[in-house]
Amino acid sequence: MDKKRIWEGFRPYVLIAPAMAGIGLFVMYPVGYLIYLSLFKYNLLNKDKSRFVGLDNFTQILGRGDFYKALWNTTVYTAGVVVLTMLLSLLFAVWLNKKGRFNSIVQAGIFTPHVVSIVSISLVWLWLMEPNQGLLNYVLKLVGLPPSDWLQSSKTALMSIIIVSVWQAIGYYTLIIVAALQSISPSIYEAAALDNASKFKVFYKITLPMISPQLFFILIIMTIGSFKVFDTVQVMTGGGPNNATTTLVYYIYGFRTTNIGYASATGVLLMAVIGLLTFVYFRLLAKKVHYQ
């Protein structure tokens, strides 16, 4: 009997042990080692010159203008991608909410970019946005609008990256919202119809609160993912022109060999920014999320 009680007490820990081992090995250890490296001046090409510098890396980061430029670019990119993707995904989801063959085809079509490699997508958009021979400028000329420099200008490069990211992500989040909409009980809408509620009031008072858990999930996931954007920038602009598209992760990538300690310290700050944003989201919005 005693052995059975002991086993009952230990069984939950045994069951979660594999998952916790994976988290410890692939999450906690890398984070701890990142913080450790941030306290050193560490040159990957010449490890003999590595030395402990304490918080000097953080002091150096906070005194450099290029870091704030990368932080600003990342913030603008994140705000643009999150807002545009959520709004467009919600509009598409409301449009595709009704079941039908046409809607199923459209859903499959808009989801396709999400399963395609972002490198392939970036290469295709590089051709579309080419100033002289690109399809986008050709279409603009056909409708009488002036062509754009797209990725070649520091004024439009970041917005061009945002367009590509939104186009690639919109299908995935649309399907999440469609699934949320279809899970709402029809009886709720029937009750609203009996009260002669307007469509806008039904959407604002019923639909949005009922799908708020999914919207909150999308907000958190997209914010974290957008702050870590790298591959689109690497393929399409390389951080240019004039550092107009240099994001924090690409900024870290630039110090991957010359100063691992500085790059690690920047990574710690990036982790702190993401953690702070997530905390703010939960403090401000978690109570407004309606869980059925």
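Residues S226 and T74 share a closest heavy-atom pair of O-CG2, 4.3 Å.
Put simply, the side chain of T245 never gets that close to the backbone of P241: no donor and acceptor are under 3.5 Å apart. Put simply, the side chain of Q168 never gets that close to the backbone of I118: no donor and acceptor are under 3.5 Å apart. Formation of a donor-acceptor pair under 3.5 Å by the S89 side chain with backbone atoms of M86 is not found in this model. A donor-acceptor pair is defined here as one N or O able to donate and one able to accept, closer than 3.5 Å; such a pair exists between the side chain of N73 and the backbone of N243. Judged by distance alone, with hydrogens and angles left aside, the side-chain atoms of T246 form a donor-acceptor pair with the main-chain N or O of G239 at under 3.5 Å. A donor-acceptor pair under 3.5 Å links the side-chain atoms of Y68 to the main chain of L62, judged by distance alone. Side-chain N or O atoms of T247 include one that pairs as donor or acceptor with a backbone N or O of V229 at under 3.5 Å. No donor-acceptor pair closer than 3.5 Å links the side chain of S122 to the backbone N or O of M236. In this structure a side-chain-to-backbone donor-acceptor pair under 3.5 Å is present from S183 to A180.
Taking 4.5 Å as the limit, some side-chain heavy atom of I274 sits within range of a side-chain heavy atom of K228. In this structure the side chain of S148 never reaches within 4.5 angstrom of the side chain of L136, judged on heavy atoms. F227 has its side chain within reach of L270: a pair of non-hydrogen atoms, C-beta onward, lies under 4.5 Å apart. Considering only heavy atoms from C-beta on, I221 comes within 4.5 Å of Y173 through its side chain. Taking 4.5 Å as the limit, some side-chain heavy atom of L269 sits within range of a side-chain heavy atom of I61. Counting heavy atoms from C-beta on, the side chains of R64 and Y251 come closer than 4.5 Å. For the pair F230/I252, no side-chain contact is recorded, criterion being any heavy-atom separation below 4.5 Å from C-beta on. Counting heavy atoms from C-beta on, the side chains of F111 and T174 never come closer than 4.5 Å.
Here the CG-CG distance, from N57 to L37, works out to 10.0 Å after rounding to the nearest 0.5 Å. With rounding to the nearest 0.5 Å, the separation of CG in L215 from CG in L90 is 6.5 Å. Atoms CH2 and CG, from W125 and L135 in turn, are 9.5 Å apart once rounded to the nearest 0.5 Å. With rounding to the nearest 0.5 angstrom, the CG atom of L219 is 6.5 Å from the CG atom of L285. Taking CD1 of I121 as the reference point, atom OG1 of T112 lies at 10.0 Å (rounded to 0.5 Å). Taking CD1 of I163 as the start and CG of L84 as the end, the distance is 8.5 Å to the nearest 0.5 Å.
Residues passing the ring pair (Phe, Tyr, Trp, His ring centres under 6.0 Å) test with Y262 are F255, sequence neighbours excluded.
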Is there a side-chain contact (heavy atoms from CB on, under 4.5 Å) between L39 and V53 once you walk through the steps? CA-CA 6 Å; L39 304 176; V53 294; 6.0 Å; no
Would you please test L126 and E130 for side-chain contact (heavy atoms from CB on, under 4.5 Å) and show each step? CA-CA 6 Å; L126 271 175; E130 207 281 322; over 6 Å; no
How far apart are the C-alpha atoms of S264 and I260, what are their side-chain angles, what is the distance that settles it, and do they pass the side-chain contact (heavy atoms from CB on, under 4.5 Å) test? CA-CA 6 Å; S264 300; I260 295 295; 3.8 Å; yes
From CA spacing to verdict: side-chain contact (heavy atoms from CB on, under 4.5 Å), M210, I188: CA-CA 10 Å; M210 295 298 286; I188 300 177; 3.7 Å; yes
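In the displayed structure, N242 atom CG is contacted under 6.0 Å by at most 12 heavy atoms of other residues, nucleotides or ligands. Annotation: Y13, atom OH; neighbour count of heavy atoms from other residues, nucleotides and ligands within 6.0 Å does not exceed 12. Applying the 6.0 Å contact sphere to CZ of F92 captures no more than 12 heavy atoms from other residues, nucleotides or ligands.
Through chains of ILVMFWY side-chain contacts below 4.5 Å, V83 is grouped with L87. Chaining together hydrophobic side chains whose heavy atoms lie under 4.5 Å apart leaves L15 on its own. Hydrophobic cluster membership of L25, counting Ile, Leu, Val, Met, Phe, Trp and Tyr whose side-chain heavy atoms lie under 4.5 Å apart directly or via other members: F26.
Under the 3.5 Å distance criterion, with hydrogens and angles disregarded, a donor-acceptor pair is assigned to the side chains of T223 and Y281.
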Using distance only, find each side-chain donor-acceptor pair of residues 149-160 under 3.5 Å and give its atom names and separation, not counting sequence neighbours.
{"residue": "W150", "atom": "NE1", "partner": "N137", "partner atom": "OD1", "Å": "2.9"}
{"residue": "S153", "atom": "OG", "partner": "K155", "partner atom": "N", "Å": "3.2"}
{"residue": "T156", "atom": "OG1", "partner": "W150", "partner atom": "N", "Å": "3.4"}
{"residue": "T156", "atom": "OG1", "partner": "W150", "partner atom": "O", "Å": "2.5"}
{"residue": "S160", "atom": "OG", "partner": "T156", "partner atom": "O", "Å": "2.8"}

Do any side-chain atoms of residues 189-209 form donor-acceptor pairs under 3.5 angstrom with protein atoms, and if so which ones, sequence neighbours left out?
{"residue": "Y189", "atom": "OH", "partner": "T207", "partner atom": "OG1", "Å": "2.9"}
{"residue": "S198", "atom": "OG", "partner": "K201", "partner atom": "N", "Å": "3.2"}

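I23 and M271 end up in different hydrophobic clusters when Ile, Leu, Val, Met, Phe, Trp and Tyr side chains are linked at under 4.5 Å. No single ILVMFWY cluster, assembled from side-chain heavy atoms under 4.5 Å apart, contains both Y29 and M20. Residues I105 and V94 do not share a hydrophobic cluster, clusters being chains of Ile/Leu/Val/Met/Phe/Trp/Tyr side chains in contact below 4.5 Å. L34 is not connected to V27 by any chain of hydrophobic side-chain contacts under 4.5 Å among Ile, Leu, Val, Met, Phe, Trp and Tyr, and they are in different clusters. Under the 4.5 Å side-chain heavy-atom criterion for grouping Ile, Leu, Val, Met, Phe, Trp and Tyr, L145 is connected to M129 within one hydrophobic cluster.
Salt bridge absent: E8 and R5 never bring a charged side-chain N and a carboxylate O closer than 4.0 Å.
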